[in-house]
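A note on names: the letters A, B, ... follow the listed sequences, proteins ahead of strands, and every chain is numbered from 1.
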Amino acid sequence: MAEERRPKQCTVVLPTESMKAMAESIGVGQLQEESCAALSEEVSYRIKEIAQDALKFMHHGKRRKLTTSDIDHALKLKNVEPLYGFQSQEFIPFRFASGGGRELHFYEEKEVDLSDIINTPLPRVPLDVSLKAHWLSIEGVQPAIPENPPPAPKEQQKAESTEPLKVVKPGQEEEGSIQKGQGAISAEAKGQELLMCLYAILKLMKPRSTHELSVEQQLYYKEITEACVGSCEAKRAEALQSIATDPGLYQMLPRFSTFISEGVRVNVVQNNLALLIYLMRMVKALMDNPTLYLEKYLHELIPAVVTCIVSKQLCLRPDVDNHWALRDFAARLMAQSCKTFSTTTNNIQSRITKTFTKSWLDEKTQWTTRYGCIAGLSELGPDVIKTLILPRLTVEGARIKAVSEGPVVSNIDKIGADHVQSLLLKHCASVIAKTRPLPDNMEQYRADYGYLGPTLCSHVVKARAQAALQAQQVNRTTLTITQPRPTLTVSQSGIGGSGGSRSPSIIKVPSSLTLMSTRPGTPTQPSPPATKYIVMATSAGASSTQQVITLSSSSGSSVTSTVASATSTLQPLVKLESRAASGLGGSRPLQKYIVVSLPTSASSSLESKSGMLPPSSSSTSPISLEAGMKMDRSDSPGASTQSPH
Amino acid sequence: MAAVQDGQLNLEVEKDIKTEITNDGSGNINANSSSPGSTSSGGKSKSPAGSGEDQQTLLAVLQFLKRNKLTESVDILRREAGLSADADDSPVSESAGAGSGGVPSVGADGGDANSLLSRVSIATPVAPPATAPPKVVAASGGEDQPDVNVVLSAYSQQGDPVLYPLYYNGLKKFIESVLDCHRAELSQVFYPLFVHMYLELVYNNHENEAKQFFEKFSGDQECYYEEDLRILSSMSKKEHMKGNETMLDFRTSKFVLRISRDSYQVSCLGKPEMSRSLWQLTITYRMLSYQLLKRHLQERQNNQIWNIIQEHLYIDIFDGMPRSKSQIDAMSGSLAGEGKRDANKAKVFYGLLKEPEIEVPLDDEDEEAENEEGKPKKKKPKKDSMGSKSKKQDPNAPQQTRIPLPELKDSDKLDKIMNMKEATKKIRLGPDNLPSICFYSFLNAYQGLTAVDFTDDSSLIAGGFADSTVRVWSVTPKKLRRVKSAADLSNIDKESDDVLERIMDEKTASESKILYGHSGPVYGISFSPDRNYLLSSSEDGTVRLWSLQTFTCLVGYKGHNYPVWDTQFSPYGYYFISGGHDRVARLWATDHYQPLRMFAGHLADITCTLFHPNSNYVATGSADRTIRLWDVLTGNCVRILTGHKGPIHSLAFSPNGKFMASGATDGRVLLWDVGHGLMVGELKGHTDTIYALKFSRDGEILASGSMDNTVKLWDTLKAFDDVELDDFTAATGHIHLPENSQELLLGTYMTKSTPVIHLHFTRRNLLLAAGAYNP
């Protein structure tokens, strides 16, 4: 490798065209080819020399990145005037231009009006350097605190669960090489091969290890599980926050997953809606934790989640309780885990899709299960809606018609049918708005989609109108693409220069926002139109990165409330300054969220929707729902509810 | 400023030192070579070959004999003249090669008729008469940069450029065909030969041939030379050679190779039954590796290569078995080959100085009593029986008064008592008892943190920043306070008991203070042992002394004209060392604005500096990938340690002064035996530059901190136990490095995203680490 590179190093010189261009820039018109060649060689050499010296400054500056000041210092060493003005922290954006067979890269310098600079308000003063101590190790053991990296990095967890065979690979290679080397397989070689195989298998079988939790961990587990299913909402919020952010939960993961799966099993039978909701929120918190990789525990978690989506009965009084919200919430969880964990080997997504479709197609399926199936499918994305749901709209419409317009069967069925209808309208409208060409003809819709056609048509019209409006409002259409998964870098950029005690909780912010990216955050509101927010988290640090995250909030269930919330959030700049934890003092760069609201492309929200909400929906699970509502309302500060204090 | 008084007490000694400086330091070149009268004062390390001119003649004779292959007589003559094996090449190797900025070691070429002839033949205006080569130096040595023409002219030998690859190939074939045991040793020739042949081609304007030559053979070179090869490859024109530092290094210093001379006795030792087969071996052995090479070259009339070897290489021949490839690899890698064996022969007093005996009151609990009792007894501590062990003089320790040290003040004694009390509470560390690590993260430093230091008692922490500031924090609840202004001070009752408290200005109390004064990034920082002063060195070429009482700058030491990479206080205070881009390390005393010593010899930037625990020696690490140990008293270089493959960025002495650890950009920690001047261990594990090294207070554990965001702990007790140093290894430098990095590694602690740039063990053996959080 090194050998390959070296000859190249020998020959790298600037092109002679550059010399010509530079000569022209200082008024030397015709430069001879030879002088160009000589110059370029000389210049390349000098540049390399300066770069070498600049590297020294980088090393002594204890950095990995060469900065412009390093080059200035290197020039100073050579008694050359430094290049003043290159203070850019980021890369210097060279622009490219070509014409007349010439190609140029140049640095675009804008003319700046000094009065503009003088008149602009001063930027915030960067935070001062501060010192913060933590325990990196206590008597040789690294404590699992937020300041330290998580004990088992997520990548490692992932590698362990997805590619257990990879560990054996070296052995296999050895095997292969032996085979090759020996050519003809003698008996001896065969024996050896067998041995190697055995060895490889033995390597696969890990020794059985007992997972012992320390006393502290046991206490923690007890506290957390009690708080999660207890009656105190404040405590629960704290516990969930802890699950979602703490880096040291890796060892307790099997316990948590069993707790959830058992809990769901028991509470479904007892129709305890509140507890089911709590358990699903735990699942969500686990999934939100950036240091955990859940793949190994999906066999317990997925059945639990799916149960909460499609179970016939989830609450004692199905006609009154809002179990629909739980189904929605669980469906979103399912969709998220599909996106995160589905691989070609485990095929989670296709298996889930099959399960949903199968029970949906069944004639005898109850409305509740039907609702769950559709919700589960539609959360999986527009493609699934297009291929699986749209073709069945006519059939489903007929079924709904039979219930709503036919003889009164039972109240429960009627409510179920209503919910299914609104669900279908909500999801299908946005997809149709994007795919179906204009015009939106009521009759045409009826022909295509049957009973639901006309209502669907009006929804699509509204969705289109909103999309157009939004295009006017915000130029940056690209930003509206919903990003399903937050990247880890996003969250880390959020920490800025902190490294402080509560930093992981800040990490949480973007990812929790994005979890709600497409739909409302908690199971309280069944089907409001999603309003999208662009959240720009800017850390005050020098290396600040801007992240644009789209999230949708369930800001209103009716048109009017949508408008209201839009006006409140349309303020282009909402600064949310998360106060640092006490220990940190002013050390953390403040987080700035720029919230821009973008109306969705969904045609409209159903006028009748709020009416459809069972009036006394909060009767059995008042606490959870209330809390959920709160969270939703303050969704843009939802960032701050997640971030510490 | 008690230090000033101390200085005056030692005035006499001081003067003495100063005269020596002029000879050793800036003026050493003239002193050593041209004026024979001054040689006696110039270097104590020099061979006892009498005055310079006599030596020259002697060397000329030696050279003649050598060229006529009269090795026997060479040896005899040498023995009689009392010259060491390499003396013919460099009687003043250390000092002459050491001229600031790489003054040419023409003195070293003194006896080398070949090079002289070549120089005369091109008739450079400054070309000296053959009998007085030192004049060249006199003419050119005064400047910072040597006269390039003189240096380069040696390359002007004309040879057919087309033949160069052939020559090289021929040699390659030859070396590949020799016995295995010699191959590794002879292969060492490749790299320097390659470099010089390439440079010759470039110098003689055979640009294309040079390029081809480079492309053809650069792949053969050892990977650790890559860095230099890159620099080399960028040089393709004669003009480039002027002013290029690397070039000068290659030219002005001879590349040192060690090649064995196997003797019959060794190979046949006590094995008569094998003597027959061995007889044949001995034939080869007798034609030592070196002679093998020589013969080959002469047979083939390969003068080109022979000339290069004669002129630019220094071959250090030793008796004994040839070394294996791994042994050679362990030691090579520096810019100018290995250290000569003789360079490491000087005795180093690595033992610790006797601790001044301070009466520690028996009732430890009562601090009040301690303070009162401690004071009166300090006057007559000499014969008191306290620490019976510390009374005995360590046989390896230097004399107590070898260099003048500042006298202890009362406050120092109090501090020592505190130290001892703390030491009794010290945790004994070991593989089963690892230290706790407390990490100090600098937040919002925006990558500007360039240096950190802790005080010995771990009460203060200082950081140097790229924005030229120095910041001091108090990590104890005690806040930093400034002394009151002069006007206010005059109002204070000086007789009161709490006068020390009263002089402090409560209004200025704060957790941190900022010191402004530098005009460039601060690269080095060091607290004085008494916590009253702080040193900082900067890109602006100055070292500044700050008072931690007034938080103002007291002195700016000017001398380095280029960035000063590191500075360090002596463990006894008063002295300090600084080193930087100008390749000269300077020893200063706080009350002198000029340096007391200049240590010149490194071929590239001095990147880190460190005092030996007994303050008699100074270690410097350099970008030329060597570590040198300097004697503070004489100013001589007493150790040259090679083996690192990258610039050295951290050094640490073990508390007993016997061992040293060094870390470099290559991510390896090397352990050295200071007394023998040998590498005794290699610790692999880091993946990036090691910026921090520290031994625990008892020396059982070495902590290393690196750019790869980890702190690693190593079992040094075991590492040093495994080493057996007999006379043989000590004499030949044959080292067998155990491959046990993994066994020695006791723990790895990853930070989230914080490079570790400083480590410190508190007196109770708690490990403190520091770095800037780097999001």
Task: Engaged part of B:V475 at the chain A interface, taking heavy atoms whose separation is under 4.5 Å - done: side chain
TODO: With A:K62 as reference, evaluate B:T689, B:N774, B:I757 under the side-chain contact (heavy atoms from CB on, under 4.5 Å) test and give the passing residue.
DONE: B:I757
Task: Pair B:R471 + A:D128: basic N to acidic O under 4.0 Å - done: yes
TODO: Might you point out which heavy atoms bring A:E139 and B:S436 nearest each other, and give the distance in Å?
DONE: N-OG, 3.0 Å
Open item on the list: Quick check on B:S753 against chain A: is it the side chain, the backbone, both or neither that has a heavy atom closer than 4.5 Å?
Closed with: neither
Task: Contact winner vs chain A - B:G747, B:P755, B:P563, B:A769, heavy-atom pairs under 4.5 Å - done: B:P563
- [ ] Would you check if the distance from the ring center of A:F57 to the ring center of B:W565 is below 6.0 Å?
- [x] yes
Task: A:P149 to B:M750 - nearest heavy-atom pair and separation - done: CD-O, 3.2 Å
- [ ] State which residues pass ring-ring contact (aromatic ring centres under 6.0 Å, His included) with B:Y691; sequence neighbours excluded, sorted by chain then number.
- [x] B:H649
Open item on the list: Does any backbone or side-chain atom of B:L768 lie under 4.5 Å from a heavy atom of chain A? Answer side chain, backbone, both or neither.
Closed with: neither
Task: Contact winner vs chain B - A:I138, A:L136, A:V141, heavy-atom pairs under 4.5 Å - done: A:L136
Open item on the list: For a quick test of reading the model, state the closest non-hydrogen atom pair linking B:K752 to A:N148 and the distance between them.
Closed with: CE-O, 4.0 Å
Task: Per-residue contact mode, B:L766 against chain A (heavy atom under 4.5 angstrom) - done: side chain
TODO: Select one option (side chain, backbone, both, neither) describing which atoms of B:D566 are under 4.5 Å from chain A's heavy atoms.
DONE: neither
TODO: Identify which part of B:T751 has an atom lying under 4.5 Å from any heavy atom of chain A, answering side chain, backbone, both or neither.
DONE: both
